[in-house]
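Please read these numbers as outputs of a predicted model, since none were measured by experiment.
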Amino acid sequence: MLPVFIEKTDAAGRGTTTMSADPDLVLPVPANSKWWIEMHLLVAGTNTAKVRTSWGAPTGATGLRRCLGPGSTTAAQTDADISTSRFGVHALGTAITYGLPRNNNTLLQQIIETAQITIGATAGNIALVWGQAAADTANVTYVSAGSLIKAYRLA
């Protein structure tokens, strides 16, 4: 099977801890299918607000999410080369907080999340769900244009 690519075309900013599905990063999946999914996210914001992510999935979907990005306790710094990192494995719907050590809503950082997901009897969408970890309405957090979902149907 050829991969499916879904690219974010708009940099949506959020200044709230209310997590909701990103309108662009949504992959429709049929019932009784199996997928390898990668989310390559370009994010920016203040390290006070940070960013929190999870994945929405159809009822009955199973899988574990591998999460790679700046650690939630990393300090703000001018050199993102020395950040602490997150290397975790979590349930699809678990909210994960990432730090934003570049501490600027115009300096992008990368988060990569991957999962092998088995879809049960209910079709639906796999979607990036996100918001700020701490509300900062004066300094919104962004998931930028150029972020994408890369998906392979395995069965």
Side-chain angles (χ1 to χ4, degrees), residues 1-47 49-72 74 80 83-102 105 107-136 140-155:
M1 292 275 194
L2 294 174
V4 175
F5 290 91
I6 298 170
E7 183 179 5
K8 185 163 183 59
T9 57
D10 183 28
R14 295 186 180 166
T16 177
T17 58
T18 301
M19 294 179 62
S20 58
D22 190 282
D24 294 326
L25 296 175
V26 177
L27 172 71
V29 291
N32 304 310
S33 58
K34 188 179 214 178
W35 295 81
W36 173 257
I37 298 175
E38 302 174 6
M39 291 199 192
H40 296 267
L41 308 177
L42 303 175
V43 299
T46 66
N47 202 43
K50 303 184 186 330
V51 66
R52 184 182 303 158
T53 67
S54 71
W55 289 14
T59 301
T62 59
L64 293 173
R65 204 166 107 234
R66 298 147 180 92
C67 301
L68 308 170
S72 62
T74 193
S83 300
T84 60
S85 300
R86 169 180 289 284
F87 299 97
V89 178
H90 307 278
L92 298 174
T94 299
I96 301 303
T97 298
Y98 295 96
L100 296 173
R102 297 190 78 190
N105 61 14
L107 297 175
L108 296 172
Q109 295 156 102
Q110 178 173 307
I111 293 170
I112 299 172
E113 296 188 351
T114 62
Q116 181 174 308
I117 301 175
T118 301
I119 308 301
T122 305
N125 294 320
I126 301 295
L128 175 68
V129 177
W130 69 279
Q132 290 182 321
D136 186 352
V140 297
T141 298
Y142 293 92
V143 172
S144 184
S147 296
L148 61 88
I149 294 175
K150 180 179 178 182
Y152 297 89
R153 185 167 180 178
L154 304 175

Colleague: If you round to the nearest 0.5 Å, how far is CG of D136 from OG1 of T46?
Modeller: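 Nearest 0.5 Å value for the OG1-CG distance: 4.5 Å.
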Colleague: So which atom in L92 and which in G63 form the shortest heavy-atom distance, rounded to 0.1 Å?
Modeller: CG-O, 3.6 Å
Colleague: About how many Å separate CG of L128 and OG1 of T53, when rounded to the nearest 0.5 Å?
Modeller: 6.5 Å
Colleague: Looking at T74 and T84, would you say the former's side chain and the latter's main chain have a donor-acceptor pair under 3.5 Å?
Modeller: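 Looks like yes, one N/O pair under 3.5 Å.
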Colleague: Give me the atom names and distance for the closest heavy-atom approach of S72 to R86.
Modeller: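 Answer, listing the atom of S72 first, then R86: OG-NH2, 4.1 Å.
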Colleague: Between CD of Q110 and OG of S144, what distance do you get to the nearest 0.5 Å?
Modeller: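 Here the rounded value is 12.5 Å.
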Colleague: Roughly how far, to the nearest 0.5 Å, is CD of E7 from CG of L148?
Modeller: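 These two atoms lie 6.5 Å from each other.
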Colleague: When you measure from the side chain of Q132 to the backbone N and O of T16, does any donor-acceptor pair fall under 3.5 Å?
Modeller: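 Yes, because the side chain of Q132 sits within donor-acceptor range (under 3.5 Å) of the backbone of T16.
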Colleague: Quick check: closest heavy atoms across L42 and S147, and the distance to 0.1 Å?
Modeller: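 Heavy-atom minimum between the residues: N-OG, 2.9 Å.
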Colleague: State the OG1-CH2 distance between T141 and W130, to the nearest 0.5 angstrom.
Modeller: 6.5 Å
Colleague: Okay, side chain of R102, backbone of L108: is any donor-acceptor separation there less than 3.5 Å?
Modeller: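 The answer is yes, because a donor-acceptor pair under 3.5 Å joins these two groups.
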Colleague: Calculate, to the nearest 0.5 Å, the distance between atoms CZ and CD belonging to R66 and Q116 respectively.
Modeller: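 R66 CZ to Q116 CD: 7.0 Å, rounded to 0.5 Å.
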Colleague: Side chain of R65, backbone of T94: donor and acceptor closer than 3.5 Å?
Modeller: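 Yes; at least one donor-acceptor contact below 3.5 Å.
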Colleague: Verify, without hydrogens or angle tests, whether N125 (side chain) and G56 (backbone) share a donor-acceptor contact under 3.5 angstrom.
Modeller: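 Pair absent, no side-chain N/O of N125 close to backbone of G56.
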